[in-house]
Amino acid sequence: MMGTPHRRDAPKKSNDSARLVITTIMGVVFGFFIGVSFPSVSVSKFNLGLTTSVPVSNTNTFAVSRPMDPNSSADIKVYVPTNPRGAELLPPGIIVSETDLYLRRLWGDPNEDLPIKPRYLVTFTVGIGQTKNIDAAVKKFSSNFTILLFHYDGKTSEWDQFEWSKRAIHVSIRKQTKWWYAKRFLHPDIVSSYEYIFIWDEDLGVEHFNAERYIELVKKHDLTISQPGLEPDKGLTWQMTKRRGDSEVHKETEEKPGWCSDPHLPPCAAFVEIMAPVFSRDAWRCVWHMIQNDLVHGWGLDFALRRCVEPAHEKIGVVDSQWIIHQVIPSLGSQGESDKGKAPWEGVRERCRSEWAEFQHRLSRADQDYLTQKGKVG
């Protein structure tokens with residue numbers, strides 16, 4: 001009689017199941033200890049193949065950025081004709097068409113680089129002989145101003161004696177004028193962050209000048225091109241820039257008989273000199289384009305500034321209550337060279353006059369060409 005067969009494999013399967021359970025429990029325990037101990041490992045940076053390098057701190061959490069696929073946009077063809085010239089192949093969202101002169105750190109969050117973002121720019125074209133004068137002038141400008149020095153004598157380290165100089169921007173190219181520097185380093189797309197741009201000489205006395213108050217008055221009287229009034233007793237060429245003691249601002253004057261064909265035109269109105277002009281951002285964008293690359297002294301430019309604002313006789317003026325003294329120090333003249341028996345300063349002055357005539361000629365020719373193109377002249 002055949003009985004029920006014995007199940008000889010039952011113990012074996014029971015042992016396998018127990019072993020699997022024990023192995024699983026050990027794996028969980030081992031993983032737990034690994035997970036607890038891992039954050040204490042000091043790791044400064046991971047590099048995960050196609051991912052970005054990610055800094056990791058000694059905390060209980062860390063983040064790894066989304067992997068970057070260098071070919072993820074390979075099939076995207078971009079052409080935007082309205083982009084800035086040369087950037088037509090870029091998506092508009094990545095284009096940065098303007099820059100600035102803000103000094104930034106080499107570390108940390110870029111959003112925290114600028115505890116104070118200067119709203120205005122002041123530039124001085126300087127030589128080492130005017131350190132005391134420039135030191136006094138710079139101290140009239142608050143942290144709201146970026147300070148930029150153009151060095152025409154090549155000496156920059158000597159200015160480190162002043163604490164403010166370590167925060168200033170220094171550009172050093174020998175024997176150049178402030179308008180040469182301005183054309184090359186103050187492009188409107190570089191200085192667009194600034195509401196007002198001061199482009200000043202080095203020989204200006206500022207005892208009676210306060211920059212913040214000056215800005216207040218410029219805004220109050222809606223001046224887009226301006227200058228401080230000049231002390232009447234020294235360094236005065238034009239009546240328009242002479243300080244008046246009975247007003248905050250003036251926008252017109254009376255000159256010598258025959259000097260003004262129209263009371264709303266220079267030098268009786270719509271006029272400031274080129275020694276200490278102050279431009280609004282929009283006005284400077286226009287004026288910069290009018291500066292000629294080869295006419296480095298800027299003579300004649302003051303008579304043409306009115307082209308950049310309308311109505312010019314209302315938008316250009318002199319701030320009387322914040323005034324300066326023109327010390328008339330011909331330091332740039334010493335940067336010239338003797339020629340045909342003439343002193344260095346004589347050659348410089350001669351070029352100034354010839355540049356004035358050339359600028360007038362070019363402007364007149366440009367006007368005629370424009371009118372011809374528009375069919376308004378024969």
*Could you tell me whether the side chain of Thr372 and the main chain of Gln368 form a donor-acceptor pair under 3.5 Å?*
yes

*asked:* How close do Leu186 and Trp284 get, counting heavy atoms only, and between which atoms?
replied: O-NE1, 2.8 Å

*Verify salt bridge (Lys or Arg N to Asp or Glu O under 4.0 Å) between Arg213 and Glu216, making sure each step is shown before the conclusion.*
CA-CA 5 Å; Arg213 179 58 180 155; Glu216 291 175 4; 3.0 Å; yes

*asked:* Return the CG to CD1 distance between Leu204 and Ile325, rounded to the nearest 0.5 Å.
replied: 10.0 Å

*With sequence neighbours excluded, what pairs up with Glu355 under the salt bridge (charged side-chain N to carboxylate O under 4.0 Å, His left out) test?*
Arg351

*asked:* Nearest 0.5 angstrom please: Lys178 NZ to Asp201 CG, how far?
replied: 4.0 Å

*What pairs meet the salt bridge (charged side-chain N to carboxylate O under 4.0 Å, His left out) rule with one or both residues in residues 155-168, with sequence neighbours excluded?*
Glu163-Lys166

*Are Val319 and His221 side-chain neighbours, meaning at least one heavy-atom pair lies under 4.5 Å?*
no

_Criterion side-chain hydrogen bond (donor to acceptor under 3.5 Å, both in side chains) on Asn210 and Gln322, from CA distance to verdict_ = CA-CA 7 Å; Asn210 179 283; Gln322 297 298 316; 5.8 Å; no

_Contacts of Tyr370 that satisfy side-chain contact (heavy atoms from CB on, under 4.5 Å) - sequence neighbours left out_ = Lys374

*Between His297 and Trp179, does a ring-ring contact (aromatic ring centres under 6.0 Å, His included) hold up when you go through it step by step?*
CA-CA 6 Å; His297 291 287; Trp179 298 110; over 10 Å; no

*Would you check, one step at a time, whether the test side chain to side chain contact (heavy atoms under 4.5 Å, CB included) holds for Phe124 with Glu202?*
CA-CA 6 Å; Phe124 295 95; Glu202 62 181 339; 5.6 Å; no

*asked:* For a quick test of reading the model, state the closest non-hydrogen atom pair linking Ile128 to Asp153 and the distance between them.
replied: N-OD2, 2.7 Å

*Do His250 and Met240 come within less than 4.5 Å of each other through their side chains, counting heavy atoms only?*
yes

_Asp320/Arg244 salt bridge by N-O under 4.0 Å criterion_ = no

*CD/Glu254: more than 12 non-hydrogen atoms of other groups inside 6.0 Å*: no

*Mind checking ring pair (Phe, Tyr, Trp, His ring centres under 6.0 Å) for Phe198 and listing every partner two or more places apart, or none if nothing turns up?*
Phe141, Phe145, Trp200, Tyr214

*Answer whether the closest heavy-atom distance between the side chains of Lys251 and Val318 falls below 4.5 Å.*
no

*So which heavy atom on Asp100 is nearest to which on Ser193, and how close?*
CB-OG, 3.5 Å

*Under the side-chain hydrogen bond (donor to acceptor under 3.5 Å, both in side chains) rule, collect the residues that match up with Asp189, sequence neighbours excluded.*
Arg285

*About how many Å separate CZ of Arg306 and CD of Glu310, when rounded to the nearest 0.5 Å?*
10.5 Å

*side chain to side chain contact (heavy atoms under 4.5 Å, CB included) evaluation trace for Val122 with Leu148*: CA-CA 6 Å; Val122 57; Leu148 171 54; over 6 Å; no

*Co-members of the apolar cluster containing Ile94 [side chain, <4.5 Å]*: Leu90, Ile95

*Would you give the length of the straight line joining atom NE2 of His313 to atom CG of Leu265, rounded to the nearest 0.5 angstrom?*
9.5 Å

_Partners meeting side-chain contact (heavy atoms from CB on, under 4.5 Å) with Trp238 (sequence neighbours left out)_ = Thr241, Glu255, Trp259, Pro267, Phe271, Glu273, Phe303

*Just how far is it from atom CH2 of Trp164 to atom CD1 of Ile134, taken to the nearest 0.5 Å?*
7.0 Å

*Is there a side-chain contact between Tyr152 and Thr177, using heavy atoms and a 4.5 Å cut-off?*
no

*Run the salt bridge (Lys or Arg N to Asp or Glu O under 4.0 Å) check on Lys220 and Glu248 step by step: do they pass?*
CA-CA 10 Å; Lys220 175 182 177 181; Glu248 288 184 335; 2.9 Å; yes

*If you draw a 6.0 Å radius around CD in Gln161, do more than 12 non-hydrogen atoms from other residues or ligands fall strictly inside?*
yes

*Would you say the side-chain atoms of Lys140 pair up with the backbone N or O of Ala211, donor to acceptor, closer than 3.5 Å?*
no

*CG of Asp203 to CD of Gln130: how many Å apart, nearest 0.5 Å?*
7.0 Å

*Cluster partners of Trp107, using ILVMFWY side-chain heavy atoms under 4.5 angstrom, listed by chain and number?*
Leu106

*asked:* Under the rule for ring pair (Phe, Tyr, Trp, His ring centres under 6.0 Å), what residues qualify as partners of His289, not counting sequence neighbours?
replied: none

*Can you name the residues that form a side-chain contact (heavy atoms from CB on, under 4.5 Å) with Lys219, not counting sequence neighbours?*
Arg119, Tyr120, Glu195, Tyr196, Ile215

*Answer with yes or no whether the hydrophobic clustering places Val96 together with Leu101; edges join I, L, V, M, F, W, Y residues whose side-chain heavy atoms lie under 4.5 Å apart.*
no

*With sequence neighbours left out, what residues match Ser172 under side-chain contact (heavy atoms from CB on, under 4.5 Å)?*
His151, Thr156

*Ring centers of Trp159, His170 separated by less than 6.0 Å*: no

*Please determine, by modelled atom types, if Asn144 and Glu212 share a side-chain donor-acceptor pair under 3.5 angstrom.*
yes

_With side chain to side chain contact (heavy atoms under 4.5 Å, CB included) as the criterion, how do Arg307 and Leu363 come out once you've worked through the C-alpha distance, each side chain's angles and the decisive distance to 0.1 Å?_
CA-CA 11 Å; Arg307 302 290 191 109; Leu363 187 56; 3.7 Å; yes

*Can you tell if the side chain of Lys242 reaches within under 4.5 Å of the side chain of Thr253, non-hydrogen atoms only?*
no

*Are Phe279 and Tyr194 near enough that their ring centres are under 6.0 Å apart?*
no

_If you compare all heavy atoms of Val206 against all heavy atoms of Ala137, which two are closest, and at what distance to 0.1 Å?_
CG2-CA, 3.6 Å

*Search all heavy atoms of Glu231 against all heavy atoms of Trp323 and return the closest pair with its distance.*
OE1-CZ3, 3.0 Å

*Listed partners of Cys352 passing disulfide bond (SG atoms under 2.5 Å apart), at least two apart*: none

*Evaluation steps, side chain to side chain contact (heavy atoms under 4.5 Å, CB included), between Thr123 and Leu121*: CA-CA 7 Å; Thr123 76; Leu121 172 68; 4.0 Å; yes

*Worked verdict on Arg362 versus Asp294 for salt bridge (Lys or Arg N to Asp or Glu O under 4.0 Å)*: CA-CA 12 Å; Arg362 292 183 189 182; Asp294 57 331; 2.7 Å; yes

*Grab the two heavy atoms, one from Cys308 and one from Val287, that are nearest each other, plus how far apart they are.*
SG-N, 3.5 Å

*Compare all side-chain heavy atoms of Ile225 with those of Val272 and state whether any distance is below 4.5 angstrom.*
yes

*Side-chain contact test, heavy atoms from C-beta onward, threshold under 4.5 Å: evaluate it for Trp288 versus Cys286 and give yes or no.*
no

